[in-house]
A.B. asks: 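I have a structure here, written as structure tokens, and I will follow up with some questions on it.
Not measured: the values here are computed from a predicted model. Lettering of chains follows the sequences in order, A, B, ..., and the numbering in each one begins at 1.
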Amino acid sequence: MEEGLISVDKWTTVSQVYFLTHLHSDHTQGLTPKWSKGPLYCSPITARLFPVRFPGFDMLLVRVLEAGKPQTLTLVSRSSHSKVLVEVTAIDARHCPGALMYLFRGQFGSVLYTGDFRWEIGDMKAVEGKNILLNALGDKKLDLLYMDNTYCNPSFSFPPRKVAAQQVVDIMTSHPHHDFVIGVDNLGKEDLLLHISQMLNTKIWVWPERLRVMHLLGFEDAFTTKTCLTRVRAVPRYSLTFETIESLNTVRPTIAILPTGLPWGKKFLDQKSLSYSCVSLCKEGSDIFAETGHSSEIFKSPRKLHQHMFAVSYSEHSCFKEIEEFLKYVNPSRISGIVSSAFCCINPRHYLDHLCKDESDNLCCKDSRGKLGLSVAWKAESVLECDKAFGIDKQINISGLLKGCKLRADSPKVLGVQRSMISKIRRRVRGVKIDHNDNFY
DNA sequence: GCGATCAGAT
DNA sequence: CACATCTGATCGC
């Protein structure tokens with residue numbers, strides 16, 4: 001497809017139409033109340049929440065797309081001035097409220113941009129999404145997949161959100177005299193809070209802005225801004241630190257809960273491996289949770305991060321198995337990760353470079369746009385090497401994942417690259433201007 | 001001084 | 001080693 005027609009979660013470049021997957025801030029960088037570069041497509045829920053995030057935004061620019069209802073857009077080629085027909089189909093991404101994936105089809109072929117997504121195995125809404133996707137594709141293959149690769153590493157395995165939500169409730173019922181604070185973002189994890197509210201038959205405190213969001217989402221009854229009504233409070237995630245929880249405990253016994261797919265607190269990690277020192281911390285907390293009967297694997301159980309703080313693997317991103325399953329379904333010709341982080345596209349040699357320094361330079365180089373990245377597609381051998389590097393004992397066959405696929409590793413990663421450089425690049429790789437001149441390896 | 005962007009933090 | 005977010009510094013007007 002030619003340049004300048006479609007942008008997804010990318011707001012600073014010139015395009016004819018723009019697509020927003022969801023309202024998390026890392027997908028709206030460059031989008032402001034005064035933004036007016038062109039029509040903006042999003043889900044009905046995103047459109048409803050839009051004025052909260054961008055007060056005064058010209059809502060005439062916003063076009064609502066319903067999941068599963070394909071729409072044909074007529075764009076104009078900037079070079080030949082001829083019409084370019086693009087069919088777009090939105091699919092529920094099962095991430096936060098209103099999150100969509102977009103499938104684009106046209107003469108250029110078919111391109112799917114997942115945005116952030118969690119397709120749990122057995123989740124009927126995800127099955128529905130798969131059917132929409134496969135129906136739209138017909139007998140054509142998917143040419144290019146831009147995929148949420150946040151947890152695209154076999155190290156990550158977490159339970160369905162329902163199970164994780166129950167783990168949180170279990171922590172609460174086993175501490176009947178404690179207050180609780182749960183770290184959440186401006187959007188997302190509502191189902192967790194609703195589950196807690198129902199199981200404990202209590203309202204949940206949220207901050208005023210968040211209450212507005214809850215009301216716009218249709219959750220009228222479960223939330224309150226009156227502290228006296230409840231011992232369960234949802235607080236901004238960034239506000240939860242060891243310091244704040246310790247300080248809360250000088251007033252009354254309080255337990256903090258971090259719902260996250262991520263492994264940390266960073267101070268608990270063994271620097272050299274993802275098979276962490278966290279194991280020992282789990283043991284400390286595991287007695288309490290033995291009765292949950294869930295897997296003892298690290299990510300499947302609550303982890304005690306601190307005397308008064310637990311992390312529970314409630315994730316709005318797909319874990320590795322789910323990504324694997326997803327890839328089997330869509331069977332793309334090419335893949336490009338949309339998240340650059342050490343866990344997903346990590347250079348398999350990150351933890352092995354002391355063993356192969358002489359070769360390491362070959363693996364990290366600039367691509368044609370000057371971005372740092374791996375210029376070689378992962379081969380099955382290097383994936384297996386990655387397993388070893390991560391200390392994974394089980395033979396997980398992920399080489400099949402890459403069969404027929406070339407994975408472009410956007411990851412800047414390691415091997416002497418400065419951290420500041422990594423964060424710069426991470427910011428840059430979010431969002432995409434759909435463009436066939438993009439280079440894939 | 002203001003908004004936009006960036007760096008650095010949790 | 002940072003899910004998404006905030007704060008504070010800096011830049012351009």
A.B. asks: Please list every stem that involves DNA chain B, where a stem is a run of 3 or more consecutive Watson-Crick or G-U wobble pairs with both pairing distances under 3.5 Å.
C.D. replies: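 Listed by first number, the stems are B:1-10 with C:4-13.
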A.B. asks: Measuring to OP1 and OP2 of C/dA4, would you say a side-chain N or O of A/N186 lies under 4.0 angstrom away?
C.D. replies: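 Looking at the OP1 and OP2 atoms of C/dA4, neither is under 4.0 Å from any side-chain N or O of A/N186.
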A.B. asks: For C/dA4, does OP1 or OP2 lie under 4.0 Å from any side-chain N or O of A/H95?
C.D. replies: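 Answer is yes, contact under 4.0 Å.
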A.B. asks: Could you work out, with salt bridge (charged side-chain N to carboxylate O under 4.0 Å, His left out) as the rule, every residue matching A/E66, not counting sequence neighbours?
C.D. replies: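 Applying salt bridge (charged side-chain N to carboxylate O under 4.0 Å, His left out) to A/E66 gives none.
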A.B. asks: Using whole Å, what does the distance between atom P of nucleotide C/dT5 and atom NE2 of A/H22 come to?
C.D. replies: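 About 8 Å, once rounded to whole Å.
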A.B. asks: Would you kindly give the CG-to-P distance between A/L31 and C/dT5, to the nearest whole Å?
C.D. replies: 13 Å
A.B. asks: May I have the list of side-chain donor-acceptor pairs in residues 180-187 of chain A shorter than 3.5 Å, sequence neighbours left out?
C.D. replies:
| from | atom 1 | to | atom 2 | distance (Å) |
| --- | --- | --- | --- | --- |
| A/D185 | OD1 | A/R237 | NE | 3.1 |
| A/D185 | OD1 | A/R237 | NH2 | 3.2 |
| A/D185 | OD2 | A/R237 | NE | 3.4 |
| A/D185 | OD2 | A/R237 | NH2 | 3.1 |

A.B. asks: Send over the distance from A/H27 NE2 to C/dT5 P, rounded to a whole Å.
C.D. replies: 9 Å
A.B. asks: Rounding to a whole Å, what distance do you find between A/L258:CG and C/dA2:P?
C.D. replies: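 In whole Å, C/dA2 P and A/L258 CG are 16 Å from each other.
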A.B. asks: In whole Å, I'd like the distance from the OH atom of A/Y151 to the P atom of C/dA2.
C.D. replies: 10 Å
A.B. asks: Is A/E209 salt-bridged to A/R212, cutoff N-O under 4.0 Å?
C.D. replies: yes
A.B. asks: Partners of A/S197 by side chain to side chain contact (heavy atoms under 4.5 Å, CB included), sequence neighbours excluded?
C.D. replies: A/I204, A/A222
A.B. asks: Restricting to ring-ring contact (aromatic ring centres under 6.0 Å, His included), what partner residues turn up for A/H178, sequence neighbours left out?
C.D. replies: A/H175
A.B. asks: What integer distance in Å separates A/L187:CG from C/dT5:P?
C.D. replies: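 Interatomic distance, CG of A/L187 to P of C/dT5: 8 Å.
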A.B. asks: Going by atom type alone, with no hydrogens or angles, which donor-acceptor pairs under 3.5 Å involve a side-chain atom of residues 37-65 of chain A and a protein atom two or more places apart or on another chain?
C.D. replies:
| from | atom 1 | to | atom 2 | distance (Å) |
| --- | --- | --- | --- | --- |
| A/S43 | OG | A/T46 | N | 3.1 |
| A/S43 | OG | A/T46 | OG1 | 2.9 |
| A/S43 | OG | A/G98 | O | 2.7 |
| A/T46 | OG1 | A/G98 | O | 3.2 |
| A/R48 | NH1 | A/L216 | O | 2.6 |
| A/R53 | NH1 | A/L23 | O | 2.7 |
| A/R53 | NH2 | A/L23 | O | 3.3 |
| A/D58 | OD1 | A/L60 | N | 3.0 |

A.B. asks: Between A/Y102, A/Y113, A/F104, which is the residue that forms a ring-ring contact (aromatic ring centres under 6.0 Å, His included) with A/Y146?
C.D. replies: A/Y113
A.B. asks: How many Å lie between CG on A/D185 and P on B/dT10, as a whole number?
C.D. replies: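 Spelled out: CG on A/D185 to P on B/dT10 is 17 Å.
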A.B. asks: With a 4.0 Å limit, can you tell me whether A/T241 has a side-chain N or O closer than that to the phosphate oxygens OP1/OP2 of B/dT10?
C.D. replies: no
A.B. asks: Between C/dA4 atom P and A/I338 atom CD1, what is the distance in whole Å?
C.D. replies: 9 Å
